[in-house]
Trainee: 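Sending over a structure as structure tokens; questions will come in a sec.
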Amino acid sequence: MAAPHEYSPLPPFKRTDHCGALRAADVGREVALWGWVAARRDHGGLIFIDLRDREGLLQLVFNPALAAAAHEAAGRARSEYYLAARGRVVRRFEGTVNAELPTGEIEIAVTEAHILNVSQPPPFPIDGEGTAEDLRLRYRYLDLRRPAMQRNLRRRALAVQAARSFLDGAGFVEIETPILWRATPEGARDYLVPSRVNPGRFYALPQSPQLLKQILMVSGFDRYYQIARCFRDEDLRANRQPEFSQIDIEMTCPQVDDVVAAGEGMMAEIYRRVLGIDLKPPFLRLPYAEAMARFGTDKPDLRFGLELRDLSAAFAGTQFKVFAEALERGEGICAIALPGAHQLSRRELDELAEGLRARYGLGLAWAKIANDGWQGPIARHLGDAERARAAQAAGLAAGDTLLMVAGAAARVRPILGDLRLQLGTKFKLRETGELKFLWVVEFPLLEYSEEAKRMVAVNHPFTAPHPDDLELLDSQPLATRALAYDMVLNGEELGGGSIRIHNPELQLKVFALLGFPRDAALRKFGFLIEALGYGAPPHGGIAFGVERIAMLLCGTDSLRDVMAFPKTQKAVDPMSGAPSEVDARQLHELSIKVTP
RNA sequence: GGGGUCGUAGUUCAGCCCGGUUAGAACGCCGGCCUGUCACGUCGGAAGUCGUGGGUUCAAAUCCCAUCGGCCCCGCCA
């Protein structure tokens, strides 16, 4: 505790400036500041204190000859004490300028100082990085004092502000939708909230405001947006938290081009305002089928090549058993040609193969293309003719390494897509400093789920089929393309959306394909079907992940670095202890019994 | 649900493979001295449930088993 005579809930004077914002131009001014003690250097006589606030560090000088009381207070100050100080901005003597600090040309000759609060020694240094993350989260308020976190969260705020400013200017209306809503089938696990006044019933926290924003289009808001909090009760990852934010956008009667243009405009505004970078829309558009064939993923990193090659035709009739058997089953051979500039040792190749085997249970065949022939464990099984055809198909040159996997394209391509990223990372091909934006378009509407033993929506059940493919819905539903699109940057999906179904009968038909007969669909989604029946205009939109965007703006690969109070992998908040147990009385009121 | 990895002063880490002295270092912290430092200097000091529990052993930070927690990944996340 500060001494009682020093304790006051009110600061002793008004602040004139932020510490980190003062410069040589301010020399001569009388200023008043407050901030934390970042460092204290006590020379017995003179005392120097680096005072930190959100704008940065500033050196205070306490001279006993100038202000004895202030000097005495400085003598008692320790790390992270919160001080108020008043004094004159003076230019530093020659030889005492600190070129490391933006404020290094000046200092404050303090005339008055008060300790507004004392501090325990911090459990980890505030200036510095590399503390165990559970400790950072336990003392998140101290972690957030750190300059890197201050920068990240302010960058995020700036990005959201830029998005708002762009969308407001483009005529979008910001509307909030409920957090307490209803559980709907499909999608992620819901967070449930018991209803006290309706025992045995539950709200669900929204996984996204998808249906609500569609209904707002039925209502005639024409253009809607929201910085929407979303909740999904699934296991966490470095880039996945149980609650996160989306920039959620919906518009009436859009062409795909209209939504894409809005997304590009918003992203350009974000990059311009946050990083001062001018993006150059329109972004490249890549059909889903092409993305899968060339990169093995629906979110390709276009900063480097190493594209996938289909060598099925080249190895037709091969004697190599693994390949021959795959081809016999109607499967294929997919490969990456690694240029000679990027050499892998035998050991590294073995490690890659072992990694693929462990993760996917699939073997990796490889061959090095030497001047005098192919080398590697499988080379002797491959004849001259097929080697020549493969070399032709993959564009092989001497010194290259050919990495091959046999199997069904749908299974093998994502695996090679993963391998491609591993190679890109290993050879530092992903650190080019480029911003490779693109749209992936023409996703399939449906895919077959082995687990569910039925078709499931690739995007969500409200996505409109491509008008050219409407007949396919009956004949070959899995071949139907969707009016869906994802924005991708450097291998990260930033956002995705679609044109929606606005016709109740078509919506019921899609539900039927997904295994929801009419009555079940009406029971679960009756309010939507009903709403579509009242002159619902065509509509569509997109949603962007706020944290994803912020991560890329901040150059971090952890979502926790752009959230103020994230949860651990076990979905726990180490600072507050959430989730916590609750009183038996609370449970009773909610008609809930917890089973052991 | 599964795989991997980490857990040792307040912090960051060494020690662990190959069991054996009082478990070390740096930073931080506490006290003394110091009027131009900015990683201040200098002298001195305090500080440990080696995550937890069990086992093996004459002896466990070290070997084994279990368990808890952090992180990364698979499953999952329309």
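The structure displayed is predicted, hence computed values, not measured ones. Just so we're on the same page: letters track the sequence lines, and every chain starts at 1.
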Trainee: Output a table of nitrogen or oxygen pairs between the protein and nucleotides 73-75 of chain B separated by less than 3.5 Å.
Mentor:
{"residue": "rC73(B)", "atom": "OP2", "partner": "A238(A)", "partner atom": "N", "Å": "3.3"}
{"residue": "rC74(B)", "atom": "OP2", "partner": "R237(A)", "partner atom": "NE", "Å": "2.9"}
{"residue": "rG75(B)", "atom": "N7", "partner": "R237(A)", "partner atom": "NH2", "Å": "2.8"}
{"residue": "rG75(B)", "atom": "O6", "partner": "D235(A)", "partner atom": "OD2", "Å": "3.4"}
{"residue": "rG75(B)", "atom": "O6", "partner": "R237(A)", "partner atom": "NH1", "Å": "2.9"}
{"residue": "rG75(B)", "atom": "O6", "partner": "R237(A)", "partner atom": "NH2", "Å": "3.3"}
{"residue": "rG75(B)", "atom": "N1", "partner": "D235(A)", "partner atom": "OD2", "Å": "2.5"}
{"residue": "rG75(B)", "atom": "N2", "partner": "D235(A)", "partner atom": "OD2", "Å": "3.1"}

Trainee: Is there a Watson-Crick or G-U wobble partner for rC50(B) with both distances under 3.5 Å, and which nucleotide is it?
Mentor: none
Trainee: Mind checking T463(A) for me? I need base, sugar-phosphate or nothing, with any heavy atom below 4.0 Å counting as a touch.
Mentor: nothing
Trainee: Return the nucleotide paired to rC33(B): Watson-Crick means purine N1 to pyrimidine N3 with N6-O4 or O6-N4, wobble means G-U with N1-O2 and O6-N3, both under 3.5 Å.
Mentor: rG41(B)
Trainee: What are the residues of residues 483-498 of chain A, sorted by number, that bring a heavy atom to within less than 4.0 Å of RNA chain B?
Mentor: none
Trainee: Any strand counts, and the cut-off is 3.5 Å on both contacts for Watson-Crick or G-U wobble. Which nucleotide pairs with rC71(B)?
Mentor: rG4(B)
Trainee: Can you list, by residue number, the residues of residues 408-422 of chain A that have a non-hydrogen atom closer than 4.0 angstrom to RNA chain B?
Mentor: none
Trainee: Contact class for E133(A) vs. all strands (heavy atom < 4.0 Å): base, sugar-phosphate, or nothing?
Mentor: sugar-phosphate
Trainee: Between V458(A) and E107(A), which is nearer to the 5' end of RNA chain B once each is assigned its nearest nucleotide?
Mentor: E107(A)
Trainee: Counting any heavy atom closer than 4.0 Å, what does F462(A) reach on the DNA or RNA strands: base, sugar-phosphate only, or nothing?
Mentor: nothing
Trainee: Between rU5(B) and rU22(B), how far apart are the C1' atoms? Round to whole Å, please.
Mentor: 33 Å
Trainee: Measure from the side chain of T568(A), starting at C-beta and using heavy atoms only, and say which of rG70(B), rU37(B), rU12(B) lies closest.
Mentor: rG70(B)
Trainee: Is T96(A) touching bases, backbone alone, or none of the nucleic acid, heavy atoms closer than 4.0 Å?
Mentor: base
Trainee: Is E547(A) salt-bridged to R240(A), going by a charged N under 4.0 Å from an acidic O?
Mentor: no
Trainee: How about Q226(A) and Y224(A): does a side-chain donor come under 3.5 Å of a side-chain acceptor?
Mentor: yes
Trainee: Using a strict threshold of under 4.0 Å (side-chain N to carboxylate O), is an ion pair present between D486(A) and K299(A)?
Mentor: no
Trainee: Ring centroids only, cut at 6.0 angstrom: are F462(A) and F525(A) within range, meaning strictly under it?
Mentor: yes
Trainee: Whom does rC27(B) pair with, Watson-Crick or G-U wobble, provided both distances fall under 3.5 Å?
Mentor: rG10(B)
Trainee: Reckon D42(A) touches a base, only the sugar-phosphate, or nothing at all at heavy-atom distances under 4.0 Å?
Mentor: base
Trainee: What nucleotide, of rG36(B), rU12(B), rG69(B), holds the atom closest to the side chain of A132(A)?
Mentor: rU12(B)
Trainee: Need one value for R40(A): base, sugar-phosphate or nothing, where a base atom within 4.0 Å counts as base even if backbone is also close, heavy atoms only.
Mentor: nothing
Trainee: Verify the contact: side-chain N or O of R41(A) to OP1 or OP2 of rC40(B), cut-off strictly under 4.0 Å; return yes or no.
Mentor: yes
Trainee: Could you tell me the separation between the CD1 atom of I47(A) and the C1' atom of rC33(B), rounded to a whole number of Å?
Mentor: 14 Å
Trainee: Mind checking the C1' distance from rC16(B) to rG1(B)? Whole angstroms is fine.
Mentor: 32 Å
Trainee: Look for any protein N or O under 3.5 Å of an N or O in nucleotides 30-32 of chain B and output each such pair with its distance, or none.
Mentor:
{"residue": "rC30(B)", "atom": "OP1", "partner": "R78(A)", "partner atom": "NE", "Å": "3.3"}
{"residue": "rG31(B)", "atom": "OP2", "partner": "R78(A)", "partner atom": "NH2", "Å": "3.4"}

Trainee: Could you check which nucleotide pairs with rA61(B) in any of the strands shown, counting Watson-Crick or G-U wobble with both distances under 3.5 Å?
Mentor: none
Trainee: rU56(B) pairs with which nucleotide, Watson-Crick or G-U wobble, both distances below 3.5 Å?
Mentor: none
Trainee: Taking atom C1' in both rC34(B) and rC43(B), what distance in whole Å separates the two?
Mentor: 11 Å
Trainee: Restricting to salt bridge (charged side-chain N to carboxylate O under 4.0 Å, His left out), what partner residues turn up for E133(A), sequence neighbours left out?
Mentor: R560(A)
Trainee: Salt bridge or not for E72(A) and R76(A), using N-O below 4.0 Å?
Mentor: yes
Trainee: So that I can tick it off, tell me whether R136(A) and D143(A) are bridged by a salt bridge, with the cut-off set at under 4.0 angstrom between side-chain N and carboxylate O.
Mentor: yes
Trainee: Between rC74(B) and rU62(B), how far apart are the C1' atoms? Round to whole Å, please.
Mentor: 32 Å
Trainee: Between the side chains of D42(A) and R40(A), is the shortest nitrogen-to-carboxylate-oxygen separation below 4.0 Å, so that they form an ion pair?
Mentor: yes
Trainee: If the C1' atom of rC13(B) is compared with that of rA61(B), how far apart are they to the nearest Å?
Mentor: 15 Å
Trainee: Please list, pair by pair, any protein nitrogen or oxygen found under 3.5 Å from a nitrogen or oxygen in nucleotides 5-10 of chain B.
Mentor:
{"residue": "rG10(B)", "atom": "O2'", "partner": "P123(A)", "partner atom": "O", "Å": "2.8"}

Trainee: Please determine if D17(A) and R29(A) form a salt bridge, counting it only when a charged side-chain N lies under 4.0 Å from a carboxylate O.
Mentor: yes
Trainee: Between K213(A) and D248(A), does any side-chain N to carboxylate O distance fall below 4.0 Å?
Mentor: yes
Trainee: Is there aromatic stacking of H43(A) against rU37(B), centre distance under 5.5 Å, plane angle under 30°?
Mentor: no
Trainee: With a 6.0 Å cut-off on the ring centroids, do W181(A) and F202(A) count as close?
Mentor: no
Trainee: If we ignore hydrogens and angles and just use 3.5 Å, is the side chain of R23(A) paired with the main-chain N or O of G20(A) as donor and acceptor?
Mentor: yes
Trainee: Does E80(A) come within less than 4.0 Å of R52(A), counting only side-chain N to carboxylate O?
Mentor: yes
Trainee: Looking only at atom C1', what distance separates rC18(B) and rA60(B), rounded to whole Å?
Mentor: 14 Å
Trainee: Report the nucleotide, chosen from rC38(B), rU12(B), rG36(B), that has the shortest atom-to-atom distance to any side-chain atom of T131(A).
Mentor: rU12(B)
Trainee: Is there a donor in the side chain of Q120(A) and an acceptor in the side chain of R78(A), or the other way round, less than 3.5 Å apart?
Mentor: no
Trainee: Does the distance from a Lys or Arg side-chain N to an Asp or Glu carboxylate O, for D573(A) and K567(A), drop under 4.0 Å?
Mentor: no
Trainee: Start at the 5' end of RNA chain B and walk down; is the nucleotide closest to A457(A) or to E100(A) reached first?
Mentor: E100(A)
Trainee: Between rC63(B) and rU57(B), how far is it from one C1' atom to the other, in whole Å?
Mentor: 10 Å
Trainee: Say you pick atom C1' in rA47(B) and the same atom in rG10(B); how far apart are they, in whole Å?
Mentor: 9 Å
Trainee: Less than 3.5 Å apart, any donor N or O on the side chain of E442(A) or H466(A) sitting next to an acceptor on the other?
Mentor: no
